[in-house]
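The basis for the numbers below is simple: all heavy atoms, side chains too, and nothing from hydrogens, waters or symmetry mates.
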Amino acid sequence: MKDSDSDSTTSDSDSSSELDVGSKRFNPLKALYSTKLKVPVASARLHDNVSVLESKQNTLGGFAEQYDENRIKQIRAAKNSNKVKVIPADQKPERKFLPEQGPIQYVRPLRHTKNLFMKLEKGYEGPLAMMQTWMQERKRVRVYIRKQSGIRGHVSGVIELFDKHWNMAISDVCET
């Protein structure tokens, strides 16, 4: 019986050494689930997880620095003061660039810049150029009209408008 009692005492001591944070045999998994664990420092600061602790220590300058919650608040306040400040709605923002570096005014292009009248102003080449001179001089011209096979007749008049496909608007027309 003594052997079993000594075994249970040994297992109790083994289990207590596994729950002792300062021991080399400390078992963190066992410590998480044990109800017998005693926290070595009663005023120890609790964190959500290890990464939260690590980020706070890095804010202080590493684990060599002593943990101080007030110092962390001071450091974070100093970092936040360097951020962009919100400008009230009634105040215009200050310019931080030279006048020649300012924003460029956007000029909206005209929507219909290519049309028949623009083409007429620009001018044509070849036979269409001759037709343009006749239109500008308001000369009377004769236009032969054809049908599917052969000539249907002709009209004479003054050219008012025409395009690159030889479509014409003619005024003062005599048809024969």
Would you give me the side-chain donor-acceptor pairs under 3.5 Å for residues 140-150, sequence neighbours excluded?
| residue | atom | partner | partner atom | Å |
| --- | --- | --- | --- | --- |
| Arg140 | NH1 | Asp172 | O | 3.2 |
| Arg140 | NH1 | Asp172 | OD2 | 3.1 |
| Arg140 | NH2 | Asp172 | O | 3.1 |

Quiz item: Within a reach of under 6.0 Å around CD of Glu125, are more than 12 heavy atoms found that belong to other residues, nucleotides or ligands?
Solution: no
Quiz item: Going hydrophobic residue to hydrophobic residue with side-chain gaps under 4.5 angstrom, can you get from Trp134 over to Met168?
Solution: yes
Quiz item: Looking at OG of Ser34 and CG of Leu29, how far apart are the two atoms once the value is rounded to the nearest 0.5 Å?
Solution: 11.0 Å
Quiz item: Ile170 versus Phe162: any side-chain heavy-atom pair under 4.5 Å?
Solution: no
Could you give the side-chain donor-acceptor pairs of residues 152-159 under 3.5 Å, partners two or more places apart or in another chain?
| residue | atom | partner | partner atom | Å |
| --- | --- | --- | --- | --- |
| His154 | ND1 | Thr176 | OG1 | 3.3 |
| His154 | NE2 | Thr176 | OG1 | 2.7 |

Quiz item: Can you name the side-chain contact (heavy atoms from CB on, under 4.5 Å) partners of Tyr106, sequence neighbours left out?
Solution: Arg108, Pro109
Exercise. Decide yes or no for Glu160 and Arg138: does some side-chain heavy atom of the first lie under 4.5 Å from some side-chain heavy atom of the second?
Key: yes
Quiz item: Do Lys24 and Glu18 meet the salt-bridge criterion of a basic N to acidic O distance under 4.0 Å?
Solution: no
Quiz item: How many angstroms lie between atom CD1 of Ile75 and atom NZ of Lys73, to the nearest 0.5 angstrom?
Solution: 13.0 Å
Quiz item: Is there a donor-acceptor pair under 3.5 Å between the side chain of Gln101 and the backbone N or O of Leu98?
Solution: yes
